[in-house]
2 protein chains.
Amino acid sequence: MNIVVQKFGGTSVRNLECQRQVMQKVLRPYREGNKVIVVLSAMAGETNRLLELANQWSDSPDPAEMDSMVSTGEQISCALFTMLLKQQGVKARSLLGFQAPIKTDDCFGKARIRSIDDTRLKELLEEYDVLVMAGFQGCDDEMRITTLGRGGSDTSAVALAAAVKADVCEIYTDVPGVFTTDPNMCTDARKIDRVAYDEMLEMASMGAKVLQIRSVEFAKKYNVTVHVRSTFSDEPGTIVTQEDETMESVLVSGIAYDKDQAQITLVHVKDTPGISAQIFSPLAEKKILVDMIVQNPSKDGVTDMTFTVPRADVDQTIKTLEKLQYEIGYEQLTSNLNVSKVSIIGVGMRNHSGVASHAFQALADENINILMISTSEIKVTCLIDDKYTELAVRTLHKAFKLEEGQHVIETS
Amino acid sequence: MNIVVQKFGGTSVRNLECQRQVMQKVLRPYREGNKVIVVLSAMAGETNRLLELANQWSDSPDPAEMDSMVSTGEQISCALFTMLLKQQGVKARSLLGFQAPIKTDDCFGKARIRSIDDTRLKELLEEYDVLVMAGFQGCDDEMRITTLGRGGSDTSAVALAAAVKADVCEIYTDVPGVFTTDPNMCTDARKIDRVAYDEMLEMASMGAKVLQIRSVEFAKKYNVTVHVRSTFSDEPGTIVTQEDETMESVLVSGIAYDKDQAQITLVHVKDTPGISAQIFSPLAEKKILVDMIVQNPSKDGVTDMTFTVPRADVDQTIKTLEKLQYEIGYEQLTSNLNVSKVSIIGVGMRNHSGVASHAFQALADENINILMISTSEIKVTCLIDDKYTELAVRTLHKAFKLEEGQHVIETS
């Protein structure tokens with residue numbers, strides 16, 4: 001049995017006309033003799049409408065009730081879409097999270113998938129040619145409805161593809177695929193044909209919105225080939241898959257950026273063992289995501305500790321740390337909201353040296369000052385003044401000749 | 001454990017303000033130490049909105065998908081209402097049809113309840129003080145969502161009350177209770193304090209919309225005391241319960257009418273054995289509900305056959321029977337759309353004679369001609385020209401002194 005999983009977002013199913021277009025996408029693999037699992041989001045705007053309703057009813061709506069409520073968005077889009085398919089004579093039915101079932105933990109609002117009953121799904125695929133699956137939702141052990149968090153439909157699709165061992169998981173979106181960088185920022189941005197899971201993960205964590213980060217983790221873990229492509233064309237998009245030799249021969253696959261950053265510095269921290277934990281544990285408890293951390297070399301037993309947090313968490317970060325000033329023992333806390341992160345990403349870096357310095361040089365040539373640097377195996381991130389974000393992205397894109405297609409650049 | 005079941009319709013939960021009023025109703029038995037099961041309908045207008053959406057998508061929407069879709073109405077109202085309760089510190093949760101579970105057959109759109117898991121409900125009532133149950137819905141053996149048909153929330157409430165052996169099942173509505181007749185038609189109409197299941201059944205089948213007929217059948221079968229009362233006041237309403245001596249001492253409890261009727265006559269039918277089946281089986285196959293049937297005494301081997309059908313089914317009835325004219329062997333088919341049914345209902349009739357003739361006389365005194373008569377143990381129905389409906393109702397109401405309260409009327 002050849003199975004294709006296709007996922008369509010809220011914009012793609014927002015009205016009858018759009019759903020008819022989606023149907024054509026579904027009928028293609030169906031007519032080629034494949035079984036199809038279609039994963040749908042709620043019609044655009046519906047989830048927000050429901051969230052607003054809940055906020056009228058309660059200052060802090062119960063998360064379990066919230067999930068029961070917002071999950072109706074997918075329930076409706078799936079029922080409607082199945083009606084369309086049945087009208088075409090396709091043997092189809094809708095399938096809700098609890099019906100599949102997609103079992104999750106009970107973290108309402110951001111549940112994690114624990115298991116999917118592949119036997120049941122295979123049985124249903126014997127009986128039906130197309131299953132229209134509600135994305136974004138599952139159920140806990142008590143059969144209460146859970147949701148997977150914003151963008152969770154991507155994760156639903158990849159998890160289903162993994163469970164039924166689908167040939168491919170197609171994620172349809174309003175862009176043609178994954179780009180070397182944000183095309184709104186850099187007109188030279190080019191669609192990437194193939195990208196490795198790890199690269200995609202780094203891009204997603206840097207705010208590239210094309211795929212939810214957890215769906216990529218899932219795809220990597222279960223080796224699901226994901227095809228990110230456009231709802232509005234038949235052109236192939238970007239294949240997200242295992243690293244291969246072609247990919248490794250490319251130094252840098254893409255440039256990502258994140259403007260939603262703030263820099264915090266604790267000046268003259270007493271450099272004692274355990275000081276890092278003293279600073280960062282209270283922030284972790286508040287679910288504040290600390291990203292780049294730099295500790296200056298200690299001098300006279302004191303050091304400066306600098307790190308970044310999402311801009312929305314700055315106030316809480318400052319409040320939390322000010323309370324602990326005496327305990328931690330720092331002299332001063334400074335913050336800078338005008339910063340952004342720019343990263344170069346590529347699995348090719350693993351086997352090539354000089355990538356980072358090539359990037360630093362390119363930024364220096366444009367007089368862009370680097371405030372902080374952090375590196376991973378396949379990524380180099382620079383924190384810069386946020387007014388240079390666009391310039392930095394374009395500069396790096398050009399420095400690694402990303403507009404020219406995927407090839408090796410000699411750097412040293 | 002003392003359990004109270006309360007059901008609120010779509011008008012009662014249509015917005016935040018109304019739901020706050022409903023909450024006060026729920027908090028009363030809760031504060032008295034009862035466990036409460038609240039059964040809610042969808043917010044007024046929501047079910048129709050969804051039906052219209054489905055009709056845009058398909059000329060004949062798949063019934064199973066339709067059920068999955070319209071059931072979201074209750075899912076939303078229940079989640080919102082539970083948020084309100086939780087904000088008040090009440091241990092509450094919502095419960096959907098498949099979660100209870102309320103098992104039904106798989107007749108989508110008009111499913112019948114097969115079983116309710118009372119053990120599970122009792123467990124939940126140990127854990128929670130208020131369960132907010134989605135009315136109108138259940139699930140079949142495959143866990144597909146089913147709905148019970150319009151007004152099905154009444155049935156949900158009564159069935160739940162039966163399952164958990166509730167002390168009372170309160171059905172809240174926008175009227176103060178069950179009336180001796182339609183107050184819009186007869187200003188003397190009086191609220192009835194107590195009414196027998198059988199009387200309520202006859203009233204419901206005559207179009208009294210205060211309770212869905214199947215909920216009354218359920219209540220009778222499982223001996224559930226139903227209290228029909230107003231959402232907008234604290235006055236007691238009408239108790240629907242087992243027949244007792246007080247009720248039997250009342251000849252007539254109420255006057256019902258149904259304007260949605262049409263009369264069909266087959267003239268000069270050959271009176272042979274099996275002729276009734278020949279006429280009515282084809283109509284039954286088309287799901288046409290034939291009500292009153294009168295066959296004139298046969299003369300020269302031919303007879304006239306007269307019966308009533310709902311006005312909406314007249315065309316199909318005529319079409320069906322015209323096709324069979326040769327087979328059935330009748331001379332002519334006539335129809336009359338200007339008719340209505342007026343009934344007097346009362347368990348007291350069982351033990352008293354002269355009720356029917358008292359009614360006939362009253363109508364005769366007003367020169368209202370009776371076109372057809374049918375009687376049951378506790379009901380006398382007259383078919384009349386529909387322009388006399390209001391007059392007939394008022395005349396009968398007065399003839400049995402229903403405005404004066406429940407007492408025996410000497411008729412013979």
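Letters go in sequence order (proteins before strands), and every chain restarts at 1.
The closest side-chain heavy-atom distance from B:Glu170 to B:Lys7 is not below 4.5 Å. No side-chain heavy atom of A:Glu46 sits under 4.5 Å from any side-chain heavy atom of A:Leu51.
In this model, no donor atom of one side chain and acceptor atom of the other lie less than 3.5 Å apart for B:Ser94 and B:Gln99. When only modelled atom types and interatomic distance are considered, A:Gln87 and B:Trp57 share no side-chain donor-acceptor pair under 3.5 Å.
Looking at B:Leu53, the atoms closer than 4.5 Å to chain A (heavy atoms on both sides) sit in the backbone and in the side chain alike. For A:Leu95, no part lies near chain B; criterion is any non-hydrogen pair under 4.5 Å.
At distances below 3.5 Å, not a single donor-acceptor pair connects side-chain atoms of A:Asp167 with backbone N or O atoms of A:Asn2.
For residues 77-90 of chain A, every residue pair satisfying the salt bridge (Lys or Arg N to Asp or Glu O under 4.0 Å) rule, not counting sequence neighbours, is listed here: A:Lys86-B:Asp62.
Each of B:Leu16, B:Thr82, B:Thr72, B:Leu80 has some count of heavy-atom pairs under 4.5 Å with chain A, and the biggest count is that of B:Leu80. Interface check for chain A: of the options B:Met66, B:Gln56, B:Gln19, the most heavy-atom pairs under 4.5 Å are formed by B:Gln19. For chain A, the option among B:Ile145, B:Leu50, B:Leu96 with the highest count of heavy-atom pairs below 4.5 Å is B:Ile145. Heavy-atom pairs under 4.5 Å with chain B peak, among A:Met69, A:Arg93, A:Glu142, at A:Arg93. Counting heavy-atom pairs under 4.5 Å between each of B:Val132, B:Val70, B:Ile76, B:Asp67 and chain A puts B:Ile76 at the top.
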